[in-house]
Chemist: 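After the structure tokens below, expect a handful of questions from me.
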There are 2 protein chains.
Amino acid sequence: MQDKITRLFKAIADPTRRDIFHALVIATSALSITQISNQFEMTRQGVTKHIKTLEEAGLVYINSQGRERFCNANPKELQDLNKWMKFYEQFWDDKLSSLGDYLDEKS
Amino acid sequence: MQDKITRLFKAIADPTRRDIFHALVIATSALSITQISNQFEMTRQGVTKHIKTLEEAGLVYINSQGRERFCNANPKELQDLNKWMKFYEQFWDDKLSSLGDYLDEKS
DNA sequence: TAATTTAGCAACCATAAAGTTGCATATTAA
DNA sequence: TTAATATGCAACTTTATGGTTGCTAAATTA
């Protein structure tokens, strides 16, 4: 369907998903779907959909226990985005001169 | 409408826009809309729309000259995304212990 | 001045995305 | 075993997104 980096970017491009992700990151333990839902003004099913998107992007993984599904954040996955951006860092200050440096390095 | 960080994330979440952005970054000079369009299998109007999205995110700025509009990449804008991610870096290795460190720093 | 080129704007289309309601099912508690 | 809780699934609605076609207008070139 989509490549990994696109899934990642799209997952965190939604503000609600960033909030959910954030809540999971700073949580001191895994949170169930209901526990997460209670923190948001949205139906549980709405939250579930977002969780699924985050999960498919690798940003969240789930641990089922009985009838509950405990969600954990996996911020490490953001490294891929960092890597993507890394390339453009060299162009931050002065585009042309940095491009020169980049080309020099390659030669 | 949307906040800046969301606009940025959404802009680069689309693979075609990432390609356009990339083309502009590595270009040795500003490119007109037509010049960009020629590099993609899409109508000029389609490209124009993407450029507009990139422009609204601050990732591209335009220099009009006569009937032409020369587009430049502004990769510096990605710094904001970097800053957003920075917070989560501390959770990359060991979530719980890193959170501890973070809380320690704040106290 | 006539023809060509560059581009914007508007309308349209198809699909995806964000969120809802309603219902079924499995697990846990009384 | 009955009631309550946690969740998934499906259908539906609304709005956003990615892309198209067709037309218009301004700037260049012949």
Side-chain angles (χ1 to χ4, degrees), chain A residues 1-24 27 29-73, chain B residues 1-24 27 29-73:
Chain A
M1 165 228 193
Q2 288 174 146
D3 58 36
K4 193 181 179 186
I5 195 96
T6 300
R7 268 200 304 272
L8 264 173
F9 270 129
K10 291 211 164 171
I12 54 165
D14 183 86
T16 306
R17 276 195 294 270
R18 283 202 301 279
D19 287 347
I20 293 176
F21 177 68
H22 190 85
L24 287 174
S29 67
L31 300 177
S32 72
I33 301 282
T34 306
Q35 286 175 322
I36 299 170
S37 306
N38 290 340
Q39 299 188 34
F40 295 87
E41 310 224 318
M42 193 190 304
T43 59
R44 175 181 52 78
Q45 289 89 335
V47 171
T48 299
K49 276 197 177 183
H50 284 306
I51 295 281
K52 199 186 165 198
T53 304
L54 288 166
E55 196 190 4
E56 284 169 352
L59 289 167
V60 160
Y61 60 95
I62 299 179
N63 219 305
S64 292
Q65 235 167 291
R67 64 182 162 185
E68 286 167 298
R69 300 184 70 215
F70 291 102
C71 305
N72 305 271
Chain B
M1 163 229 195
Q2 289 175 144
D3 59 36
K4 193 182 179 186
I5 195 98
T6 301
R7 268 199 305 271
L8 263 173
F9 270 129
K10 290 210 166 172
I12 53 165
D14 182 84
T16 306
R17 276 194 294 270
R18 282 202 303 279
D19 286 348
I20 292 176
F21 176 68
H22 190 85
L24 287 174
S29 67
L31 300 178
S32 72
I33 302 282
T34 307
Q35 285 175 322
I36 300 169
S37 305
N38 290 339
Q39 298 187 35
F40 294 87
E41 310 224 318
M42 193 189 307
T43 59
R44 175 180 53 80
Q45 289 88 334
V47 170
T48 298
K49 276 198 176 184
H50 284 307
I51 295 279
K52 198 186 167 199
T53 304
L54 289 167
E55 195 190 3
E56 284 169 353
L59 289 167
V60 159
Y61 60 95
I62 299 180
N63 219 303
S64 292
Q65 235 167 291
R67 65 183 162 184
E68 286 167 297
R69 299 183 72 216
F70 291 102
C71 305
N72 306 272

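Keep in mind the model is a prediction, meaning the values are calculated, not measured. Computed from heavy atoms alone, side chains included, the values below leave out hydrogens, waters and symmetry copies. Proteins get letters first, then strands, A, B, ... in listed order; numbering begins at 1 in each.
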Chemist: Measure the distance from CZ on B:Arg18 to C1' on D:dT17 and round it to the nearest whole Å.
Modeler: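 Result: 15 Å.
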
Chemist: Taking only the side-chain heavy atoms of A:Gln2 (C-beta and beyond), determine which of D:dT21, D:dA27, C:dA17 contains the nearest atom.
Modeler: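 When the side chain of A:Gln2 is considered, C:dA17 is the closest of D:dT21, D:dA27, C:dA17.
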
Chemist: Rounded off to whole Å, could you give me the CD-to-C1' distance for the B:Gln65 and C:dT5 pair?
Modeler: 16 Å

Chemist: Checking contacts here: which listed nucleotide (C:dA18, D:dG18, D:dT7) is nearest the side-chain heavy atoms of B:Arg17?
Modeler: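 Closest of the options to the side chain of B:Arg17: D:dG18.
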
Chemist: Could you state the CZ-P distance from B:Phe9 to C:dA17, rounded to the nearest angstrom?
Modeler: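 Computing the B:Phe9:CZ to C:dA17:P distance gives 17 Å.
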
Chemist: Consider side-chain contact (heavy atoms from CB on, under 4.5 Å). Of B:Leu24, B:Ile20, B:Val47, which one does B:Cys71 pass it with?
Modeler: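 When B:Leu24, B:Ile20, B:Val47 are each tested with B:Cys71, the side-chain contact (heavy atoms from CB on, under 4.5 Å) holds only for B:Leu24.
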
Chemist: Report yes if at least one side-chain N or O of B:Thr16 is closer than 4.0 Å to OP1 or OP2 of D:dT17; otherwise report no.
Modeler: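 So the side-chain polar atoms of B:Thr16 never come under 4.0 Å of the phosphate oxygens OP1 or OP2 of D:dT17.
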
Chemist: Hey, is the main chain of B:Ala13 close enough, under 3.5 Å, to the side chain of B:Arg18 for a donor-acceptor pair?
Modeler: yes

Chemist: Can a side chain N or O of B:Thr48 be found less than 4.0 Å away from OP1 or OP2 on C:dA7?
Modeler: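 No, outside the criterion.
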
Chemist: Determine whether a donor-acceptor pair (N or O, by modelled atom type, separation under 3.5 Å) exists between the side chain of A:Arg44 and the backbone of A:Ser37.
Modeler: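 Judged by distance alone, no pair lies under 3.5 Å.
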
Chemist: Using 0.5 Å steps for rounding, measure from the OG atom of A:Ser29 to the CZ atom of A:Phe70.
Modeler: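 Answer for the OG-CZ pair, A:Ser29 versus A:Phe70, is 8.0 Å.
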
Chemist: Map B:Gln45 and A:Lys49 onto DNA chain C by nearest heavy atom, then report which one ends up closer to the 5' terminus.
Modeler: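 Nearest-nucleotide comparison on DNA chain C picks B:Gln45.
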
Chemist: Relative to the 5' end of DNA chain D, which residue comes earlier, B:Glu41 or A:Gln35, by the nucleotide with the nearest heavy atom?
Modeler: A:Gln35

Chemist: Would you kindly give the CZ-to-P distance between A:Arg44 and D:dT7, to the nearest whole Å?
Modeler: 7 Å

Chemist: Any idea which of D:dT21, D:dT7, D:dG18 is nearest the B:Thr43 side chain?
Modeler: D:dT21

Chemist: With the side chain of A:Asp14 defined as its heavy atoms from C-beta on, choose the nearest nucleotide among C:dA18, C:dA17, C:dA7.
Modeler: C:dA18

Chemist: For the pair made of CD1 in B:Ile20 and P in D:dG19, what is the distance, rounded to whole Å?
Modeler: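 About 8 Å, once rounded to whole Å.
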
Chemist: A:His50 side chain: which of C:dA17, C:dT6, C:dA18 is closest?
Modeler: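 Nearest to the side chain of A:His50 among the choices is C:dA18.
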
Chemist: Just how far, in rounded Å, is P of C:dT6 from CG of B:Asn63?
Modeler: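 Interatomic distance, CG of B:Asn63 to P of C:dT6: 18 Å.
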
Chemist: Using the closest heavy atom to pick a nucleotide of DNA chain D for each, name whichever of A:Lys10 or A:Ser32 lands nearer the 5' end.
Modeler: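 Comparing both residues, the 5'-ward one is A:Ser32.
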
Chemist: Quickly work out the B:Ile36 CD1 to C:dT5 C1' distance and round it to whole Å.
Modeler: 17 Å

Chemist: What integer distance in Å separates B:Leu31:CG from C:dT6:P?
Modeler: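 Atom CG in B:Leu31 sits about 13 Å away from atom P in C:dT6.
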
Chemist: For A:Gly46, answer base if it contacts any base atom (sugar-phosphate contacts may also be present), sugar-phosphate if it contacts only those atoms, and nothing otherwise; contact means non-hydrogen atoms under 4.0 Å.
Modeler: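 Counting heavy atoms under 4.0 Å across all strands, the contact made by A:Gly46 includes a base.
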
Chemist: Between A:Arg67 and A:Val47, just flag the one whose closest nucleotide in DNA chain C comes earlier from the 5' side.
Modeler: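 Taking each residue's closest nucleotide, the earlier one in sequence belongs to A:Val47.
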
Chemist: Within this structure, what is the CG-CG distance for the pair A:Asn72 and A:Leu31, rounded to the nearest 0.5 Å?
Modeler: 8.5 Å

